[in-house]
Each structure stands twice: as C-alpha cells, then as structure tokens.
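Written below as structure tokens is the structure these notes are about.
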Amino acid sequence: MRHLHPGHVAWPHVWAWVLLLAQLWSPVGGSGHGSAPSCPGYVATRVTDTARGFRAALALNGAPCNRFGRDISNLTLHVSLDTSSRLHVHIEDTERRQFQIPESVLPLDRGRGAADGRAMLRLNLTHSSATGVGLQVLRGDEAIFDTTGHPLVFEDQYIEITSRLPENANIYGLGESPDWFRRDPANTTRTLWNRDAQDPFRENVYGSHTVYMELRDGRFHGAYLHNSHGMDIVLAGGTIQYRVLGGTGDLYFFAGPTALDVIDQYTELVGRPARIPYWALGLHNCRWGYRSAEEVDQVIANYSQAGIPLEAAWTDIDYMDGMRDFTFDPAAFPPAAMRRQLERLHARGQRMVLIVDPAIKVEPSYGTYARGRELDVFVRNADGTDYIGQVWPGYTVFPDWFAANASAWWGGELGRFLDKLPVDGLWIDMNEPASFCTGSCGSGMAPGQSPASSSSPRTPDASNRFLVPPYAIHNPEPELSSKTVETTAVHANGVIEYHVHNLFGLMESRLTREVMQRRQPGQRQFVLSRSTFAGSGAVASHWTGDNSATWQDLHVSIASMLDFGVFGIPMVGADICGFMGNTTMELCARWSELGAFYPFARVHNTRGARPQELYRWPAVAEAARRALAVRYRLLPYVYTAYQDAVERGWPAARPLVFEFPATAAVADNDRQFLLGDAILVSPVLAEGARSVEAFFPRGRWYDWYTHDAVEGADAAIALDAPLEHVNVHIRAGRIVPAQHPGMTTAETRDSDYELIVAADERGAAAGRLYLDDGETLDSPHRWLGLHFRARTLWVSPQSGCYAAGRPLARLTLLGVPGVRGVAVNGTAVECTVEAAGASVDISGLRIDLNVPSRITLL
Ligand SMILES: *[C@@H]1O[C@H](CO)[C@@H](O)[C@H](O)[C@H]1NC(C)=O
Ligand SMILES: *[C@@H]1O[C@H](CO)[C@@H](O)[C@H](O)[C@H]1NC(C)=O
Ligand SMILES: *[C@@H]1O[C@H](CO)[C@@H](O)[C@H](O)[C@H]1NC(C)=O
Ligand SMILES: *[C@@H]1O[C@H](CO)[C@@H](O)[C@H](O)[C@H]1NC(C)=O
Ligand SMILES: *[C@@H]1O[C@H](CO)[C@@H](O)[C@H](O)[C@H]1NC(C)=O
Ligand SMILES: *[C@@H]1O[C@H](CO)[C@@H](O)[C@H](O)[C@H]1NC(C)=O
Ligand SMILES: *[C@@H]1O[C@H](CO)[C@@H](O)[C@H](O)[C@H]1NC(C)=O
C-alpha cells in the first residue's frame with residue numbers, strides 16, 4: 001500500500017512552467033459574492049530558479065478590485081520542493097508587510113529537498129487573460145490543487161484562493177468544528193476563529209486547523225494553509241475556497257498517497273505529536289462542582305470500591321481560592337489536604353491533574369497579578385493601559401505570550417504552584433482566550449470592583465477595520481471580538497490581537513510544557529489544552545471541550561477524535577457521558593463503552609448536572625468495567641500504536657477509510673473506528689438500541705469476546721449489543737500484544753505479556769510491539785517484530801535495548817485449529833492448551849521477550 005511511483009522531475013526549465021492556456025473557463029469573479037466586483041488576478045513575470053524550485057514576481061493583471069480591502073499590487077511567488085512528497089507554494093506581498101506566523105510560535109521543518117531530484121509533486125503555472133495566473137499542483141499528471149480560472153485575490157485584509165475539486169469530493173479535516181467526519185463538499189463553510197462555545201454543530205469552536213486531506217480514486221493527498229488569521233474555508237460549487245482576513249497565501253501540499261502518509265508528511269512539517277507518559281492512557285475522572293478535597297477522596301475510593309480502574313483524579317476550578325490561578329481554597333481544598341491526596345494517589349500508582357486558566361484576576365494584592373504587572377506581561381489596550389476583560393475570578397488581564405518576560409513570569413508562577421503541589425499534569429482551559437464580556441470591559445474600573453452580572457452587546461466602531469473587517473467571516477457572534485480579547489488589543493511586539501488570536505492556545509501550551517520540562521528535565525510531560533492550532537500536537541493533548549450529554553454528541557465525538565488525528569493531535573477524546581446537561585444511565589453506559597477506546601479517556605461533568613462518575617449506576621459500572629478491561633488489556637498495543645504517532649504522526653484512532661481507501665462505502669463511516677490497524681470498535685450510538693449495524697470490510701474479523709469469526713463482505717452486519725456490551729473485533733492477519741488488565745496502567749505494565757494471533761485465510765499474521773519505560777524522554781526502547789506463518793510464530797527483537805521485565809506467558813490463536821502444544825526454538829515447553837470453538841488459548845508459557853524466539857505449534 002505504501003509503494004510510491006515518484007516521477008523524475010528535475011525542475012524543468014522554468015519558462016516551460018508558464019503555460020499560456022487558452023481561456024477555457026469563463027471569467028469567475030469569485031463565487032459566492034453576488035455582485036462583488038470581479039478581480040483581475042495576477043500575472044507572473046521575472047521567473048527565476050532557486051535551489052529547490054523557482055520564484056516569480058506577480059503583478060496585478062488589471063485594475064484593482066479592492067473587494068474587501070486594498071489590492072496589493074506586487075506579490076512574490078516562492079515554489080519549493082521541500083521533500084520529495086511536500087511542495088511549498090508561498091504567495092507573499094513583496095514588501096512583506098502582511099503578518100506572518102513567527103518561527104518562534106510555530107517552528108516548521110524546512111525539508112531536505114528531494115533526493116536525486118525525485119519528486120511526487122510539481123507545480124504548473126497556467127495563465128488566462130481574464131483571471132491571470134493559475135497554480136496547478138500536479139501529482140503525476142493529476143492536478144490535486146488547481147486554481148486555474150479563479151483569480152487570486154490578495155488584499156491587505158482579504159485573501160481569496162479557489163481550487164477546483166472533483167464532483168462529490170471526499171474531504172477530511174478543516175476544523176475545529178463538531179461535524180461528521182467527511183465534509184459535505186457541496187455545502188460546508190468552515191470558519192476558523194477560536195471560540196469558547198459549547199460545541200455547536202458545524203460552528204467554529206476552540207481551535208484552528210486549516211489542514212485537509214482528500215481521497216481521490218483510492219489515494220490521498222493533503223494541503224495546509226500556514227496562516228493564523230480568521231477565515232472561512234468554503235466547499236461549494238465544485239471548489240474549495242479560502243477567504244482569509246490577512247496574512248499571506250502560504251500553502252503546503254502533501255503527496256500521500258495513503259492517509260497515513262499525508263499525516264506523516266504534515267506532522268513532519270508542523271511537529272510530531274509529543275511523547276506521552278504511559279499513565280496518560282489510563283482512565284481519568286473529573287467534574288466541575290466537587291465541593292471539597294474530601295469529596296474527591298470519596299470519588300477516588302468509590303471508583304476503587306466499584307472495581308473500575310481510575311488512573312487520575314482531576315479537579316476543575318473548584319480548588320482555587322476565588323478562582324484565582326495558583327491558589328487553593330483554604331476551607332474546601334487546603335493545600336495540606338491536596339498534598340495528602342496526591343501522596344495517597346501516588347502510593348497507589350494513581351495521578352493528579354489540575355486546571356489552570358490563562359486569565360489573571362486584577363487585584364493588586366494577588367501576587368501572580370502583581371508580579372506580572374511588574375514584569376509587564378499582560379496584553380494592552382491601544383492606549384498602552386492594561387486590557388481588562390472578565391473571566392471566572394472577575395475582571396482579569398490576559399498574559400501576552402509575546403512579552404519578553406512572559407516565560408520568566410509564567411515559569412515562576414507555575415513553579416511556585418508545583419512546589420506546593422507537584423501534580424502530574426496540567427490542564428489549560430479557557431485559552432481561546434475566553435472572556436465573558438466583549439471588549440476591554442474592566443479597563444478603567446477601580447481595583448476590586450466586581451463586574452456587572454452581564455454585559456450587553458455593543459455596537460463596534462464600524463470604521464475600525466480591525467474591529468469590523470470588510471469581509472465578515474461566519475463567526476456566529478455579534479462581532480469578532482465577542483467573548484474574547486478584542487481584536488485591537490496590542491501585544492508586546494506591536495502586533496494586534498486580530499492577527500494572532502488563533503495562536504493564543506498554542507503559545508500557552510508551548511510555554512507551559514517548556515516550564516514543566518525545565519522543572520523535570522528528561523521526564524515526559526502531560527499538558528491538556530482546549531485551544532489548539534497547527535503544531536499543537538507537539539506540545540499538548542486535547543479534549544473536545546464542552547460537549548453535551550446527548551446521543552448526537554456521543555456520535556460526533558468519534559468524528560472529532562478522527563479530525564484531531566488528521567490535525568496531528570492524536571491524544572484526544574471527548575468528555576465521557578457528556579459535559580453539559582444531565583446524562584442518563586443508558587447514555588452514560590454507551591459513552592463509557594465508546595470512551596474506553598478514545599486515546600484520551602476522561603469522564604467530565606459540569607456543575608449542577610447530575611453526578612456521572614462511572615460507579616453511579618450498576619449498569620454503567622458494569623459497562624465501564626467490561627470496556628475498560630479491554631482498554632487496559634490492549635495497553636501494549638495502544639502504546640505501540642501511539643509510538644507510531646510519535647515517530648510518524650499516525651493517529652492511534654483511525655477511520656475505516658484510512659485502512660480501506662478503495663471501499664467507497666466507508667468514505668463517510670464515522671460510526672466505527674479502528675485502534676491502530678487491527679482493532680475495530682463498533683459502538684451503539686442510539687438510545688434504546690440493543691444491536692448495532694456494523695460495517696465489515698472484506699476479510700475476516702474475530703469477535704473480541706467470543707472469538708467467533710465474522711466474514712467481512714463490504715457490507716453491514718447486525719451485531720447484538722446488550723446495554724453493557726460494546727462490539728470489538730480483531731482483524732485477521734494481525735497479531736495484537738496485550739497484558740493482564742489491572743486497576744492502573746502501572747499494575748497492567750507489571751503483568752505478563754500475551755499475544756493474540758488472528759490468522760488470515762492463509763494462516764498468517766503479523767504485528768509489532770514497542771516497549772520503553774513510559775516515563776523518560778530518552779528511555780531505551782525496543783521494537784519487536786511479530787510474524788506468524790506455517791504454524792510458526794517468530795518473536796524478533798529489532799531495534800533498541802530496553803529489557804522487557806515480563807515474559808510472554810500466553811498465546812491466543814484465532815483461526816489456527818488442532819494445536820496440542822508449543823515448542824520454543826524446537827524444544828517442546830510446558831504449557832496449558834485449551835481449545836474453545838475456533839480459538840486456542842495457550843497459557844503457562846515463560847518466553848523471554850529479550851531474545852529471538854521461534855515458537856512452533858505442535
Ligand atoms: C503542466 O504544464 C506542462 C507544460 O509546462 C504541460 O505540458 C502539461 O500539460 C501541464 N499539465 C497539466 C496536467 O495540465
Ligand atoms: C511594483 O513593482 C514594480 C516593478 O518592480 C514597481 O515599479 C512598482 O512601483 C511596484 N508597485 C508598488 C505599489 O510597490
Ligand atoms: C447548507 O448548510 C447550512 C448550514 O449547515 C444549512 O442551513 C443549509 O440548509 C444547507 N443548504 C443546503 C442547500 O443543503
Ligand atoms: C461514595 O460512595 C459512598 C458509599 O456508597 C456514598 O455514600 C458517597 O455519597 C459516594 N460519594 C461520592 C462522591 O461518590
Ligand atoms: C524583561 O526581560 C528583559 C530581557 O529578557 C529584561 O532586560 C527586562 O529588564 C525585563 N523587563 C522587566 C520589566 O523586568
Ligand atoms: C439536572 O438535574 C438536576 C437535578 O439532579 C436539576 O436540578 C437540573 O435542573 C437538571 N439540569 C438540566 C440541564 O436539565
Ligand atoms: C532461540 O534461538 C535464537 C537463535 O538461535 C537465540 O538467540 C535465542 O536466545 C533462543 N531463544 C530462546 C527463548 O531460547
């Protein structure tokens with residue numbers, strides 16, 4: 001599947017690139033703007049070769065249209081083959097006055113060029129007299145991106161780039177927005193403007209990701225626009241159209257041809273996903289509204305009592321004193337009680353994670369504020385005073401991550417906090433950034449003054465083109481500045497919020513991780529961020545924010561999880577049982593069955609809603625125990641899958657279409673998903689249902705529990721799904737490493753290994769196992785190859801020297817009949833063999849995983 005057929009492209013003589021096409025398309029004045037003036041586009045002149053491509057000057061191809069701003073007459077086009085599979089096409093204003101994302105905020109890989117001039121992508125320039133230059137990105141002779149016939153519009157506050165799409169295109173990505181996994185190619189307006197909103201369907205929420213991938217004729221390719229501005233990306237009328245509020249047209253194209261290749265190529269550019277501590281894969285519990293440390297103690301005890309594995313106890317803003325960062329409520333969550341809780345958790349191999357918000361209460365006697373003021377690290381109004389909005393503690397300032405001393409200040413505050421309570425991970429919330437009022441509502445107030453309970457919408461000054469830009473993106477708020485820091489607020493580098501709004505969460509994530517890393521050099525860190533941007537995967541994990549306890553949100557959670565796999569943030573999950581609203585027993589049971597397979601699995605609930613810890617109902621507890629036993633048993637497999645994310649970006653949770661791109665029926669399947677490439681999860685998503693229609697791609701699949709074989713025929717099969725049961729299948733041809741599920745990941749890690757060998761029609765299977773210490777960044781590791789054919793299993797340590805502390809004790813053979821015993825390296829060994837139906841269970845083995853073994857079935 002990963003065979004590439006790269007064309008030999010030495011860069012042809014540059015002038016051959018400028019192809020004067022006859023006018024084949026009628027002039028299009030930018031679709032979707034009614035009577036907007038048609039724009040002339042640009043003509044390419046002065047094409048010159050560069051080391052990896054070429055550069056051209058672009059000049060306006062007629063009178064400016066000034067559609068949503070002022071046309072910029074002189075542009076420079078840079079075309080560079082960064083790697084054999086990545087093409088960079090950057091259209092920037094020649095004078096470089098437009099804002100561009102600083103390297104310090106999001107360092108990009110520069111590539112190595114294409115080895116031996118081999119290239120999977122190249123660029124053709126086309127030209128028409130009416131619409132000017134067109135960009136054609138070619139993979140072989142197929143145009144995967146083609147702006148021909150659609151004029152480039154490049155204005156100070158509006159950039160429009162339009163590319164043709166095939167009919168009924170398969171597009172994935174473009175977020176963050178709760179939506180189905182496959183975009184509607186005829187009617188999608190994806191708005192990118194980070195927003196604190198409770199996961200409204202198809203609206204913009206917390207993060208911004210311009211990357212998309214397209215599946216065409218069984219092959220994938222991808223594109224990423226490197227631009228931090230607010231924008232709409234519109235799929236309609238057979239095109240994808242970017243409408244961007246500034247910056248430059250900085251595009252990267254990825255040749256694929258598999259989905260995993262595209263994500264590999266994208267994460268090579270923006271940053272590989274961060275290593276996670278092993279414990280992060282356990283079950284997490286949180287809620288907003290715990291009243292005291294004792295109540296959290298009870299929750300921890302009640303999970304244990306119910307026999308439900310709990311890895312980490314989280315506390316929301318409740319622990320703070322007056323909701324001020326880095327403080328503890330002296331009555332309900334005194335530091336001494338929190339410290340005892342942390343020690344008890346650690347003694348049992350469990351963890352603690354606490355929330356931190358970016359907004360800082362304005363209060364001269366509050367040290368965090370006073371020191372920040374002293375170091376001058378807060379966002380300002382245009383007149384130089386502090387910009388004061390409103391968040392949980394009342395009137396607040398907002399850290400300016402661009403400030404020279406932001407790192408010293410945030411590091412000092414976080415450091416003092418972690419000295420008091422060395423928690424295991426940090427959860428950074430409200431970092432869109434969220435504010436409860438519009439504009440600088442607290443500026444000019446006396447210190448200590450409390451905000452009015454609500455602030456009414458205002459009428460922004462329409463003559464200020466940064467408050468009210470000429471093109472209105474589809475941000476469903478009265479204005480761009482609603483419920484966040486106003487677009488005219490000023491950062492230390494003089495840049496206004498308008499340009500960098502979408503970067504706040506990424507910058508906070510990066511700095512928070514750096515601070516934690518400095519405190520614990522060499523240790524893996526865990527940071528969970530609500531707001532994300534391209535590249536956030538390298539510094540943070542993500543949950544999908546304030547979802548609701550509804551059946552639709554249960555279903556959408558799969559699509560959102562898969563979206564974040566495309567975005568290079570594979571450690572992701574939704575709040576299990578739903579955050580907003582009251583869950584029900586049945587919904588919570590189904591959600592724990594699905595959530596047990598999210599890469600990041602956390603129960604979380606809003607204040608005032610009915611409690612939903614997984615032990616609250618016997619049926620939910622039973623559903624959770626059953627599903628989490630599968631999760632914990634699969635930990636070695638999931639951790640191996642996650643290592644592929646760390647090394648290549650490959651998400652652990654994958655849609656069927658990634659593995660079966662030629663099967664048209666799975667193009668929009670977001671009701672099921674795979675963990676890695678071997679485990680198929682088919683959850684119930686409808687109230688009252690006791691069966692599920694699950695699609696099975698061609699090939700054999702084995703039921704996780706019964707080991708019954710299902711013959712996949714590219715069709716749906718009805719599976720029984722009693723309330724406490726989730727359907728999980730193992731793909732034939734795969735070997736799945738596992739361990740005995742414990743009550744914590746540490747306990748699980750400390751158990752013997754087992755291998756589930758699911759043979760295909762030819763009696764063959766293969767898999768891999770990745771091992772390391774799960775804690776340190778430079779841990780020794782070991783990759784093991786696992787191969788089964790002709791009734792022989794080969795366990796082959798490949799790279800690394802990490803020593804597996806536990807032996808291989810058990811084999812489960814699916815589809816391999818007639819086994820009476822096993823021999824290791826030709827010598828029969830003692831073991832217990834039990835056959836049941838199509839499966840054979842061999843236990844009592846003690847095979848050292850640190851040396852190669854040839855295990856033959858007798
Ligand atoms: C790309 O341009 C070349 C000339 O530079 C032309 O021969 C070729 O047809 C173009 N390819 C496509 C797919 O339009
Ligand atoms: C654009 O470039 C041309 C050619 O270099 C130059 O003459 C002209 O002054 C430039 N226009 C602007 C607005 O900078
Ligand atoms: C397009 O999508 C919008 C928003 O989801 C929806 O309101 C509208 O009905 C859709 N239009 C068509 C023609 O499907
Ligand atoms: C924990 O369980 C005990 C005993 O069932 C119960 O009284 C208590 O309310 C529970 N507390 C929480 C926070 O779940
Ligand atoms: C901030 O940091 C810079 C250099 O890192 C230092 O020179 C300056 O004095 C600091 N500013 C304040 C207000 O402390
Ligand atoms: C949830 O249930 C509680 C009672 O447990 C009730 O007070 C509250 O109004 C309910 N909330 C919603 C959103 O229905
Ligand atoms: C099996 O044989 C290989 C190769 O001869 C050897 O390196 C290995 O130690 C043996 N494994 C066991 C478990 O004896």
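Residues passing the salt bridge (Lys or Arg N to Asp or Glu O under 4.0 Å) test with Asp357: none are found, sequence neighbours excluded. Under the side chain to side chain donor-acceptor pair (under 3.5 Å) criterion, Ser177 pairs with Arg190, sequence neighbours left out. Scored by the salt bridge (Lys or Arg N to Asp or Glu O under 4.0 Å) test, Glu92 finds Arg96 as partners (sequence neighbours excluded). Remark: Glu479 pairs with Arg458 by the side chain to side chain donor-acceptor pair (under 3.5 Å) rule, at least two apart or across chains. In this view, Trp392 and Trp288, Phe436 satisfy the ring-ring contact (aromatic ring centres under 6.0 Å, His included) rule, not counting sequence neighbours. Under the salt bridge (Lys or Arg N to Asp or Glu O under 4.0 Å) criterion, Asp644 pairs with Arg648, Arg768, sequence neighbours left out. Asp325 pairs by the side chain to side chain donor-acceptor pair (under 3.5 Å) definition with nothing, not counting sequence neighbours. Every residue was checked against the ring-ring contact (aromatic ring centres under 6.0 Å, His included) condition with Tyr387, not counting sequence neighbours, and none meets it. For Glu497, the side chain to side chain donor-acceptor pair (under 3.5 Å) criterion is met by His491, His501, not counting sequence neighbours. Residues satisfying the ring-ring contact (aromatic ring centres under 6.0 Å, His included) test with Tyr395, not counting sequence neighbours, are none. Residues satisfying the ring-ring contact (aromatic ring centres under 6.0 Å, His included) test with Tyr498, not counting sequence neighbours, are His229, Phe466.
Aromatic ring pairs are classed by plane angle as parallel below 30°, tilted from 30° to 60° and perpendicular above 60°; the pair Phe600 and His284 is tilted.
For Asn502 and Ser228, the side-chain atoms include no donor-acceptor pair closer than 3.5 Å. One side chain, Tyr598 or Ser557, offers a donor N or O that lies under 3.5 Å from an acceptor on the other. Judged by distance alone, the side chains of Gln98 and His499 never bring a donor and an acceptor atom under 3.5 Å apart. In the model, Tyr471 has a side-chain atom that pairs as donor or acceptor with a side-chain atom of Arg243 under 3.5 Å. Donor-acceptor pairing under 3.5 Å is recorded for the side chains of Thr248 and His90. Side-chain contact check for Ser85 and Asp261: no donor-acceptor pair (N or O, by modelled atom type) lies under 3.5 Å.
Atom CD of Glu103 sits in a crowded spot, with more than 12 heavy atoms from other residues, nucleotides or ligands closer than 6.0 Å. Crowding of Lys483 atom NZ: a count of heavy atoms from other residues, nucleotides or ligands under 6.0 Å not exceeding 12.
In this structure, Glu160 contributes its side chain and Val244 its backbone to no donor-acceptor pair below 3.5 Å. A distance-only check finds no donor-acceptor pair linking the side chain of Arg465 to the backbone of Pro469 [under 3.5 Å]. Checking side-chain atoms of His209 against main-chain N and O of Leu174 turns up no donor-acceptor pair under 3.5 Å. The closest donor-acceptor contact from the side chain of Asp424 to the backbone of Met352 lies under 3.5 Å. Judged by distance alone, the side chain of Arg182 and the main-chain N or O of Tyr172 form no donor-acceptor pair under 3.5 Å. The backbone N or O of Gly173 sits less than 3.5 Å from a side-chain atom of Arg183, completing a donor-acceptor pair. Put simply, the side chain of Asn194 gets close to the backbone of Ser208: a donor and an acceptor are under 3.5 Å apart. In terms of modelled atom types and a separation under 3.5 Å, the side chain of Gln517 and the main chain of Gln520 share a donor-acceptor contact. Between the side chain of Arg272 and the main chain of Leu269, no donor-acceptor pair closer than 3.5 Å is present. Judged by distance alone, with hydrogens and angles left aside, the side-chain atoms of Ser443 form a donor-acceptor pair with the main-chain N or O of Asp386 at under 3.5 Å.
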side-chain hydrogen bond (donor to acceptor under 3.5 Å, both in side chains) evaluation trace for Thr210 with Asn227: CA-CA 8 Å; Thr210 62; Asn227 185 304; over 6 Å; no

Derivation of the side-chain contact (heavy atoms from CB on, under 4.5 Å) call for Cys286 and Arg602: CA-CA 7 Å; Cys286 186; Arg602 186 186 68 164; 4.1 Å; yes

Test log, rule side-chain contact (heavy atoms from CB on, under 4.5 Å), inputs Ile360 and Tyr366: CA-CA 9 Å; Ile360 300 299; Tyr366 168 39; 3.7 Å; yes

From CA spacing to verdict: ring pair (Phe, Tyr, Trp, His ring centres under 6.0 Å), Trp409, Phe378: CA-CA 11 Å; Trp409 167 74; Phe378 300 130; 5.5 Å; yes

CA sep, side-chain torsions, deciding dist, call: Glu775, Tyr278, side-chain contact (heavy atoms from CB on, under 4.5 Å): CA-CA 7 Å; Glu775 290 174 4; Tyr278 201 96; over 6 Å; no

CA sep, side-chain torsions, deciding dist, call: Ser80, Leu87, side-chain contact (heavy atoms from CB on, under 4.5 Å): CA-CA 6 Å; Ser80 159; Leu87 184 72; over 6 Å; no

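Here OH of Tyr369 is found 10.5 Å from OG1 of Thr396. Values are rounded to the nearest 0.5 Å. Of the inter-residue distances, the one linking Leu245 atom CG with Met231 atom CE reads 8.5 Å to the nearest 0.5 angstrom. From Phe254, atom CZ reaches atom CZ of Phe220 across 15.0 Å, with rounding to the nearest 0.5 Å. The SG atom of Cys437 sits 5.5 Å away from atom CD of Gln390, with the distance rounded to the nearest 0.5 Å.
The shortest side-chain heavy-atom distance between Ile388 and Phe398 does not fall under the 4.5 Å cut-off. Using a 4.5 Å heavy-atom cutoff, the side chains of Phe181 and Asp563 are in contact. Looking only at side-chain heavy atoms (C-beta outward), Ile355 and Met320 come within less than 4.5 Å of each other.
Taking the charged nitrogens against the carboxylate oxygens, Arg287 and Asp575 have no contact shorter than 4.0 Å, which rules out a salt bridge.
Annotation: salt bridge (Lys or Arg N to Asp or Glu O under 4.0 Å) contacts involving residues 390-413, sequence neighbours excluded, comprise Arg371-Glu413, Glu413-Arg416.
Just one of Thr189, Asn204, Thr191, Asp232 meets the side-chain hydrogen bond (donor to acceptor under 3.5 Å, both in side chains) condition when paired with His474; it is Asp232.
Ring pair Tyr266/Tyr224: centre-to-centre distance below 6.0 Å. Taking the six-membered ring for Trp and the full ring otherwise, the centers of Trp279 and Phe526 sit less than 6.0 Å from each other. In summary, the aromatic rings of Trp410 and Phe326 are positioned with their centroids under 6.0 Å apart. Between Phe564 and Phe567, the distance from one ring center to the other falls under 6.0 angstrom. For Tyr206 and Trp543, the ring centers sit 6.0 Å or farther from each other.
Counting all heavy atoms, side chain and backbone alike, Arg510 lies closest to Pro107 at NH2-CD, 3.5 Å.
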